[in-house]
There are 2 protein chains.
Amino acid sequence: MAKQAPFKPTESELEILQVLWQRGKATVREVHEELATVKDAGYTTTLKLMQIMHEKGLVKRNDSSKTHVYEANVSKEKTQQHMVGKMVNTLFEGSAGQLVMRALGTAKPSRQEIDEIQKLLDSLK
Amino acid sequence: MAKQAPFKPTESELEILQVLWQRGKATVREVHEELATVKDAGYTTTLKLMQIMHEKGLVKRNDSSKTHVYEANVSKEKTQQHMVGKMVNTLFEGSAGQLVMRALGTAKPSRQEIDEIQKLLDSLK
DNA sequence: ATTTATTTACGAAGCTTGTCGTATAATTGT
DNA sequence: ACAATTATACGACAAGCTTCGTAAATAAAT
């Protein structure tokens, strides 16, 4: 039976998940190359992190060939939901509205996003 | 010169900051009592955490009397801003709008909050 | 075929977090 | 005054994260 993912990815694990979500499947080498454009760590570091993530159940992998192919085992949506919920609790006293206000104050969304948000808000009323 | 606060409070540190933000000033005992209603850790644990937070510059303290009085040294607003920004980057590809959509999908804000958000959105257009 | 390169596996070290025990100093109660 | 309580300081430890070096196995290149 597959182990239940814990849903508390660390900073580095999130970076890796980002790549996997974006690419679907990827080898350690591919993930590492992509991270290298942003970060500065050795190949074996990325490898080790992904091995640990596999033990935790955060990713699954196909090791039928010598070069293993990895894939995220937690969805982006669920992870976002979980992390946002946690943040609302620990930093915004349970108020999603407060978080929204803060987010909008920090970075202005595009016109299109604004329209989308307004549509959603209307439907919530 | 006061050390610059690092702005990456841990989970436990956030719990303590929450109490300090709410009360303004508080002793270790007071913070601990309040946390004890939610959490289960010894007094010296809270003490140690607050001492470390002091070293980091996350809190300041008045130790003119035997019982030290602590106070947050980072504002709730700045901390929220920083944490939200980080989350937008690591989980939402830099899009605040996406975070907002997710937050609204997770927990419905009150009618009053919705109105507030809409007002803010209009002003952003 | 032999060398070179790639990949995984493993172990270890340094750092941070969270936990607590114990010692010491100060305060309070009787 | 003496005992009991309360506070700080300090050290230590387990667990987890991140880092990397090295060894062994496989694949590719010459």
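Reminder, nothing fancy here: chain letters follow the sequence lines and each chain counts from 1.
- Residue A/R29 places no side-chain N or O under 4.0 Å from the OP1 or OP2 atom of C/dT6.
- Checking the phosphate oxygens (OP1, OP2) of D/dA7, no side-chain nitrogen or oxygen of B/T67 falls inside 4.0 Å.
- A/M101 and B/M83 fall into different hydrophobic clusters, where Ile, Leu, Val, Met, Phe, Trp and Tyr are joined by side-chain heavy atoms under 4.5 Å apart, directly or via other members.
- For C/dT8, the OP1/OP2 oxygens have a side-chain nitrogen or oxygen of A/Y43 closer than 4.0 Å.
- Protein atom NZ of A/K48 is 9 Å distant from nucleotide atom P of C/dC10, rounded to whole Å.
- B/L47 places its CG atom 17 Å from the P atom of C/dT24, with the value rounded to the nearest Å.
- At the heavy-atom level, B/I52 lies nowhere under 4.0 Å from the strands shown.
- Mapped onto DNA chain D by nearest heavy atom, B/V28 and A/T10 fall at different nucleotides, with B/V28 at the one closer to the 5' end.
- Across the protein-nucleic acid pair, B/Q51 atom CD and D/dA9 atom P stand 5 Å apart, rounded to whole Å.
- B/E13 contributes no side-chain N or O that, together with a main-chain N or O of B/L49, makes up a donor-acceptor pair within less than 3.5 Å.
- With a 6.0 Å radius and a threshold of 12 heavy atoms from other residues, nucleotides or ligands, B/D40 has its CG atom at or below the threshold.
- If you check every strand for non-hydrogen atoms under 4.0 Å, A/T44 touches a base.
- At D/dA9, one or more side-chain N or O atoms of B/H68 fall inside 4.0 Å of OP1 or OP2 (strictly under the cut-off).
- A/T45 comes within 4.0 angstrom of a nucleotide base, judged by non-hydrogen atoms across all strands.
- Nearest nucleotide to the A/K66 side chain, out of D/dT19, C/dT6, C/dC20: C/dT6.
- Between the CD atom of A/E55 and the P atom of D/dG16 there is a distance of 11 Å, rounded to whole Å.
- Map B/T27 and A/G42 each onto its nearest nucleotide of DNA chain D; the residue landing nearer the 5' end is B/T27.
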